[in-house]
Amino acid sequence: MNAANPGKEGVKEIMASVDSIATPKISRISPPTNANEPAPAAGLRFPLAARNLFKWLVPPVMGLALFISIWAMVAQGNPTLPGPLKTWDSAVQLFSDPFYRNGPNDQGIGWNILSSLERVAIGFGMAALTGIPLGFMIGRFDFLNRMTAPIISLLRPVSPLAWLPIGLLVLKAADPAAIWVIFISSIWPMIINTSVGVTRIPQDYMNVAKVLNLSEWKIFTRILFPAVLPYMITGIRLSIGVAWLVIVAAEMLTGGVGIGFWVWDEWNNLNVEHIIIAIFVVGIVGLLLEQALVLLAKKFSYE
Amino acid sequence: MEKYVKIENVQMVFDTKKGPFVALRDINLNIRQGEFISLIGHSGCGKSTLLNLVAGLTTPSNGTMLCAEREIAGPGPDRGVVFQNHSLLPWLTCFDNVYLAVERVFARTESKATMKKRTQAALALVGLSHAEHKHPHEISGGMKQRVGIARALSMQPKVLLMDEPFGALDALTRAHLQDELMKIAADTQSTVIMVTHDVDEAVLLSDRIVMMTNGPAATVGEILRIDLPRPRERLAMAHDQAYHEYRSEVLEFLYRRQLRPAA
């Protein structure tokens with residue numbers, strides 16, 4: 001080992017360790033071509049990992065910063081709208097005790113979120129239990145497809161809240177009516193995606209089923225279901241998005257405990273900070289639901 | 001048995017928007033047990049249609065077809081099919097892909113352990129014991145095709161039907177798999193019907209080559225018996241006079257008598 005080497009190797013080692021720490025974090029969001037991008041002479045001064053970090057971290061942070069500063073400026077000119085700092089203080093206070101109960105109309109934010117999620121889960125769950133099997137049957141039997149096509153095209157574009165009066169009338173209670181709205185508005189993507197998935201199964205797979213002379217049950221479990229699964233998960237993802245979108249509006253109208261009603265309640269109290277917090281909470285929960293299903297979908301892609 | 005597979009006066013007419021389309025007419029063919037038959041012809045001559053008829057995937061408009069003295073009335077496990085594009089189910093491992101076929105045929109008479117052994121034996125036959133637990137996307141094209149062959153053979157079919165089984169593979173892999181197929185066919189004494197467009201493949205592997213005329217209304221043009229001793233060695237064949245004569249005869253048929261105008 002000569003005198004010049006230790007220094008160079010030291011640099012290499014540092015770069016290697018930077019790489020090993022930073023790349024796993026980045027590789028998740030950066031496309032694979034980036035990892036192979038040759039780092040020319042500039043790479044020595046400015047390692048690849050750092051550049052990636054810059055590329056993928058700085059723009060979103062700048063976007064958020066810009067958003068918050070515009071919000072702060074608008075709040076400055078309009079004293080009724082609380083600024084970011086005031087909202088943050090209020091949020092810290094709110095989330096310090098998320099699970100308190102002071103009677104039916106005054107409960108912690110945690111309870112509100114959970115009750116909304118519960119309604120979504122029930123309405124969406126029932127929609128999945130009926131919509132997915134229905135989608136399979138519509139996709140498998142052309143007769144059924146032609147039979148249901150006009151009904152689906154007619155009812156699908158109807159605004160979710162238009163279903164609320166029917167729900168209130170038939171079910172005679174606010175809570176089941178809200179669940180009904182979730183059900184009817186989130187069922188369509190699951191029916192449509194599942195049935196499209198069934199009709200798009202490659203003929204090759206059906207030929208395998210034919211030449212092996214498989215039973216209907218084996219065709220379903222070994223070919224139909226796994227082949228349709230990716231389509232089904234896309235349907236579920238779209239449905240959950242719709243369900244979460246609709247719950248706020250539905251709860252505003254039906255009342256009770258829930259994030260939508262909470263927004264309405266805080267509006268009546270003129271507690272605008274809480275309304276802004278609610279908007280963020282709804283957004284973040286929706287994002288988490290979406291991400292969870294994206295992860296699920298990745299697990300079931302076969303290529 | 002002289003007439004193990006018997007195809008008599010078979011005609012195939014498809015209904016199209018422009019009216020009936022005659023794909024095949026007057027097909028007569030008898031195949032002995034243990035025979036290796038190639039169907040060769042220009043694309044569109046209905047060789048795959050004929051294979052699908054034997055497989056039972058389509059039913060002929062006219063004529064009779066028998067396999068081991070029973071009428072072919074639909075797909076059945078007595079005829080194993082190897083598809084051109086392997087058609088493995090991507091969500092199942094190689095083992096499970098083969099097991100699906102084994103289970104279909106032997107579930108009523110055999111225990112799970114025996115069926116498992118059968119599956120492993122089929123994979124061992126094509127030299128893929130090591131890839132048992134891999135999924136199709138983890139193995140090469142040649143290996144996928146071998147799993148396809150293992151799946152077809154595992155059912156112990158009376159006839160093995162192959163639709164351009166090596167068409168999608170590169171030349172080296174194709175040669176390798178042809179050699180293996182020859183060995184497997186000899187070991188298992190299988191009756192094979194193979195669709196191909198590769199003249200060398202047809203001459204090297206077949207006992208008889210069925211050369212088909214051009215469509216529409218294609219039929220059997222000529223049948224060439226290949227009297228080369230087995231086992232056949234690819235390299236030895238390259239210097240074999242008889243081999244080259246057979247080869248030129250097929251080429252003659254394809255390119256002089258059945259040349260497609262602007263194919």
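Given the structure is predicted, the values throughout are model-derived calculations rather than measurements. Chain naming here is simple, since letters A, B, ... match the order of the sequence lines and numbering starts at 1 in each. Values below: every heavy atom of this structure, side chains too, minus hydrogens, waters and symmetry copies.
Residues B:Val105 and B:Gln156 are not in side-chain contact: their nearest non-hydrogen atoms beyond the backbone lie 4.5 Å or more apart.
Between A:Phe136 and A:Phe225, the two ring planes are parallel [angle under 30°; tilted spans 30° to 60°]. Note: B:Phe21 and B:Phe14 have parallel aromatic rings, judged against thresholds of 30 and 60 degrees for the angle between ring planes.
Under a cut-off of 6.0 angstrom, the local environment of CD in B:Gln189 is sparse, with at most 12 non-hydrogen atoms contributed by other residues, nucleotides or ligands.
Neither the backbone nor the side chain of B:Leu161 comes within contact range of chain A; no heavy atom of the residue lies under 4.5 Å from a heavy atom of that chain. Only the side chain of B:Glu103 comes within less than 4.5 Å of a heavy atom in chain A; its backbone stays farther off. Looking at B:Asp96, neither its backbone nor its side chain comes within 4.5 Å of chain A, counting heavy atoms on both sides.
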